[in-house]
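Worksheet for the structure shown next.
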Amino acid sequence: APSLINQFLLQEGKERYVMVKDDFSSISKNIRFIYNFAKRSSEMVFSFGKPMDLFGNNLDENGESLDSNGNRINIRDYYKNRGQITFDQQRNSTYTRLLGEKVLKQYHKINVVFDSQVVAFASFQYIYQTEGVDVYRLFTRPEDSMVIPGNVMYEVVNRVLTKLRELYSQGLVKLASHLDNDVSTIIINGISNLIGYHVNKPLTCNDNGDYTTEDLKLLYFYHNRLNGYGLHRFIF
């Protein structure tokens, strides 16, 4: 996760992103990582959407492509110009873009949301919107100054959950069964699942019952799983 989010930020932010080298190579950190990895279990979900062809059309039980009205179509026609199959780079690029949009739309519908992702999204978005700077400047600020009061965390997570349940009722996302728990339980379990494999904790609760982060970029990494649903509008 740390490596992936650094690659993403370097690619997207370019000169705006200044990467600070993490001392993950230390012996003590490696030992702690191996210990955490060995003692914990994890849950994995495979979620399958409707099959589609390379143009994003639905398929029937025989693998035949169907148009929006459910009629069979011959995808060879996509490559024809005046009755002849031709090569057209611009046309192919358009098909690729449209396929990507349909895959993304399907992904959002079949994505199974876990408590760790809800907690990560709610907490990062609260910090981000409260600080009022872009992501790259946010990462340069001291993490120990980013504190989420306990009652605020409850309210923010509850708002995100409420919207997710609404989307679920509309068939626009899937929710793991443990998201039926009460908000307090979801926060506790979500944080436990977030920190399980990491030496620097993406999110932690201090003695005062407030929430802080030891690695904001990791929190951002797990937050990204819920991008695309418009949930950021429900933080405040």
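This chain uses plain numbering: 1 for the first residue, then up along the sequence. Atom set for the values below is all heavy atoms of this structure, side chains included, hydrogens, waters and symmetry mates excluded.
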Report yes or no: do [X] and [Y] form a side-chain donor-acceptor pair below 3.5 Å?
X	Y	answer
T185	D182	yes
N206	D210	no
N81	R91	no
Q7	S3	yes
K217	N6	yes

What are the two closest non-hydrogen atoms of [X] and [Y], and how far apart are they?
X	Y	value
H108	G228	NE2-CA, 3.9 Å
D53	L99	O-CD1, 3.9 Å
L4	F221	CB-CE1, 3.8 Å
F124	H223	CD2-CD2, 3.7 Å
R165	N181	NH2-O, 3.7 Å
N193	S116	CB-CB, 4.0 Å

CA sep, side-chain torsions, deciding dist, call: Y229, L172, side-chain contact (heavy atoms from CB on, under 4.5 Å): CA-CA 9 Å; Y229 294 100; L172 299 177; 5.7 Å; no
State, with a plain yes or no, whether a side-chain heavy atom of [X] is found less than 4.5 Å away from one of [Y].
X	Y	result
L216	M146	yes
F8	Y17	no
I188	D115	no
V118	V113	yes
P202	E214	no
N151	Y154	no
I186	L179	yes
S123	M153	yes

Do you reckon [X] sits in the same ILVMFWY cluster as [Y], going by side-chain contacts under 4.5 Å, direct or chained?
X	Y	answer
F114	L203	no
L54	I85	yes
L161	I191	yes
L164	Y107	no
L194	V45	no

Without swapping roles, check the side chain of [X] against the backbone of [Y] for a donor-acceptor pair under 3.5 Å.
X	Y	answer
R159	I235	yes
S47	I110	yes
S145	R141	no
Y95	Y78	yes
E64	I73	no

Greater than 12 external heavy atoms within 6.0 Å of [X]'s [atom1]:
X	atom1	result
Q170	CD	yes
K109	NZ	no
F55	CZ	yes
D207	CG	no
R137	CZ	no

How long is the straight-line distance from [atom2] of [Y] back to [atom1] of [X], given to the nearest 0.5 Å?
X	Y	atom1	atom2	result
Q90	N92	CD	CG	10.0 Å
N74	Y79	CG	OH	11.5 Å
T86	K80	OG1	NZ	11.0 Å
Q89	T94	CD	OG1	10.0 Å
E166	F234	CD	CZ	7.0 Å
N224	L219	CG	CG	10.0 Å

Sub-6.0 Å ring centroid separation between Y126 and H232: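 That pair fails the under 6.0 Å test.
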Salt bridge (Lys or Arg N to Asp or Glu O under 4.0 Å) evaluation trace for R72 with D60: CA-CA 9 Å; R72 288 186 177 181; D60 63 15; 3.0 Å; yes
Steps toward salt bridge (Lys or Arg N to Asp or Glu O under 4.0 Å) verdict (E101, K105): CA-CA 6 Å; E101 291 172 357; K105 184 177 180 180; over 6 Å; no
Chi angles and distances behind the side-chain contact (heavy atoms from CB on, under 4.5 Å) call for Y211, V147: CA-CA 6 Å; Y211 298 87; V147 179; over 6 Å; no
Derivation of the side-chain contact (heavy atoms from CB on, under 4.5 Å) call for E155 and F236: CA-CA 9 Å; E155 293 172 3; F236 291 99; over 6 Å; no
side-chain hydrogen bond (donor to acceptor under 3.5 Å, both in side chains) evaluation trace for D215 with Y220: CA-CA 9 Å; D215 194 325; Y220 180 60; over 6 Å; no
Pair I148-T212, side-chain contact (heavy atoms from CB on, under 4.5 Å): steps then yes or no: CA-CA 6 Å; I148 307 173; T212 58; over 6 Å; no
